[in-house]
Every structure is written in C-alpha cells, then in structure tokens.
Enquirer: 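Take this structure, written in structure tokens, and hold onto it; I'll ask about it next.
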Protein chains: 2
Amino acid sequence: MFEKVDKHSGIPAYIQVIDIIKKEILLGNLKSEDQLPPVRELQDIFDVNVNTILKALERLQSEGIVEARHGVGYFVKSSQSPKTEVIKILDETVQKLKIMGIDLHTAILIMEEVWKNDSKT
Amino acid sequence: MFEKVDKHSGIPAYIQVIDIIKKEILLGNLKSEDQLPPVRELQDIFDVNVNTILKALERLQSEGIVEARHGVGYFVKSSQSPKTEVIKILDETVQKLKIMGIDLHTAILIMEEVWKNDSKT
DNA sequence: TATTGTGTTATAGTTATATAGAACACTATA
DNA sequence: TATAGTGTTCTATATAACTATAACACAATA
C-alpha cells in the first residue's frame, strides 16, 4: 500500500512519510475513520526509526489530518475525503505533458511558478 | 529575479537553490549562454553560505544545465530553452484547480501519484 | 488482574546540512 | 606585470535529522 522512502533524495525522511500518508488519503486508499498501521509496523514499512514516524504523525496530527488515541492507534479524521475530481483533471493534464516528453520534476517546478503568478486566485 | 530560500521548510537549502535556478531557466528568465550572478552575489541573494551555492551549482552542472568557467563565471548551457507550451497547459489546469479550492501542495501530491500510475508513458 | 497491543518519552551517538572565514587559482584587462 | 573579478578548496564549528535502544503509559480483553 505505501511507497518507499528514498534516503538519498536529500528530502528529510519524515517529510516523505507525511506526504506518502497524505497521498493515500487523497486517493481514497485510506478513508475517514480508518486506522493506520501501528507505529512499529510503519517503522518496518518505511524502514526508518520510530522517532521519525512519530515526527511525521505529530505533524499530520497538528494539520488535523489524523488523530492519535493513546494505547489504541492512529486514525484518519472524518473530515478527509478522496479528491476524485482533481485526480480526473490532473490525469488529462499529465497525459498531455508525457506526450511532450516532460519529466515530473520539471512539470512540478513549472506548476509551482504558474500557481504563484496566476492572478485568478 | 530570484525567489527566497525558506530556511524553515525542512527542505535543504541547496535543493531549494537548485530548483529556483531551474525555474528561471524553464520560464525563460535565464536564457542559453546567459551568465549567472557571481557566487558571492548568489550568496547574498539567497542568504546562504558560498558552500551551499557551490553544492547547488555542482549538481546543476552534473545535470548538464549550467557550465562553470573557472575565473569567469557560471553559464546556462545552450541546450536549455523555455517551456512555453508546458506553461500554457499548466496554466489552464491551475485555474481549474484553484476554482475547486485545492492548495498547491495537495495538487502536487496528486499529480505525482497520477504520473506514476498513468500507463500512457 | 494479567497480558497483549498500542502510543509515548528519553538518552546517546552518528551523519548530513549549513555556517564562517580564510586562502588559493584562473581569466581578463589595464 | 599588476589588479580586479571570478571560481575553488579547506578547516573548524554548529545545528538538524536520523538511528538504536530502552523504558514507560494507556486501552482492550481474557
């Protein structure tokens, strides 16, 4: 279910863990009220230390995305729902970009810039 | 011309510098054969140490994006050109996403996932 | 109550990232 | 040749990120 953490990317592991869990929720693979795997399992899944997992979960909790229940587990908060419409729009865009031979990282850099400069906010 | 480095984002400064310079080239603000500002100026512009600038430029060089000329300066390699068509496509997409109330980071996470799963590669 | 499964906290050590400051090397030009 | 502007290398130090390991705290249940 979860992708791996790339230890040589230069991006801190805890940030990668945050983003991977967010993705699963956005895609609907983790739904409202779902329980996450126990921290010791997440440790094995991502091949990082418990403290790194906790740092990620702490951040996700402070963003209101998950909720900790001591002695029970971590749960996806009920406000979270999959972004099916966004997925559809981006799917069409990605197909066009791939035909043009653009790579993902370049596409992201350009999108960040377009996002910032677009006046229709 | 250049945006700032965010020292509290958790993303290493040298990676941010790499991406900011890449953006300027993709947008056409830095063109083929253009000379970059001297490393000591880049140090002031980004408010980071020379060594951090050098680490970024080293990486950009190994990716074939810029070229170092000892005693002269850093130059954008001739193979680089602005991605105007990509900008146009992403501009339309971004407008739709903004209307839907999506934030940039969420859009990027979903795009990464769609990119990976799309079979039309 | 005792046990198991869960989250939580703490300590100590390692590595990567970033800084400051200085010195050195190459190029262009007066 | 001398100088100014550029890139390059080095050392020492500080901080953030990550690891390993252990112990502690809470909840559910036999």
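Residue numbering restarts at 1 for every chain, and letters A, B, ... go by the order of the sequence lines.
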Enquirer: Rounding to an integer number of Å, can you tell me how far A/His8 NE2 sits from C/dT17 C1'?
Expert: 16 Å
Enquirer: Can you check whether A/Thr93 reaches B/Leu90 side chain to side chain, under 4.5 Å on heavy atoms?
Expert: yes
Enquirer: Are A/Gln95 and A/Glu92 packed together at the side-chain level, in the sense that at least one heavy-atom pair is separated by less than 4.5 angstrom?
Expert: no
Enquirer: Quick one: A/Ile53 CD1 to C/dT9 P, roughly how many Å, whole number?
Expert: 16 Å
Enquirer: Answer yes or no on whether B/Arg69 is positioned over the face of B/Phe75, meaning its NZ or CZ is under 6.0 Å from the six-membered ring centre and within 45° of the axis.
Expert: yes
Enquirer: Is it true that A/Glu58 and A/Lys55 make a salt bridge, defined as a side-chain N closer than 4.0 Å to a carboxylate O?
Expert: no
Enquirer: Quick one about A/Asn49 and A/Thr52 (side-chain donor to acceptor, distance below 3.5 Å, no hydrogens or angles considered), yes or no?
Expert: no
Enquirer: When rounded to the nearest 0.5 angstrom, what distance separates CH2 in B/Trp115 from CD1 in A/Ile108?
Expert: 8.5 Å
Enquirer: In whole angstroms, how far is the P atom of D/dT19 from the CD atom of A/Gln43?
Expert: 9 Å
Enquirer: Give a yes or no on whether a salt bridge exists between A/Glu33 and A/Lys77, defined as a side-chain N under 4.0 angstrom from a carboxylate O.
Expert: no
Enquirer: Starting from P on C/dC26, measure out to CD on B/Glu67 and report it in whole angstrom.
Expert: 18 Å
Enquirer: What's touching nucleotides 15-18 of chain D from the protein side, N or O pairs under 3.5 Å?
Expert:
unit_1	atom_1	unit_2	atom_2	d
D/dA17	OP2	A/Lys55	NZ	3.3
D/dC18	OP1	A/Ala13	N	2.2

Enquirer: Is there a side-chain contact between B/Met1 and B/Ile45 (heavy atoms, below 4.5 Å)?
Expert: no
Enquirer: For nucleotides 5-11 of chain D, read 5' to 3', which letter fits each nucleotide if B means a protein heavy atom sits under 4.0 Å from the base, S means only the sugar-phosphate is that close, and - means neither?
Expert: BBBBBB-
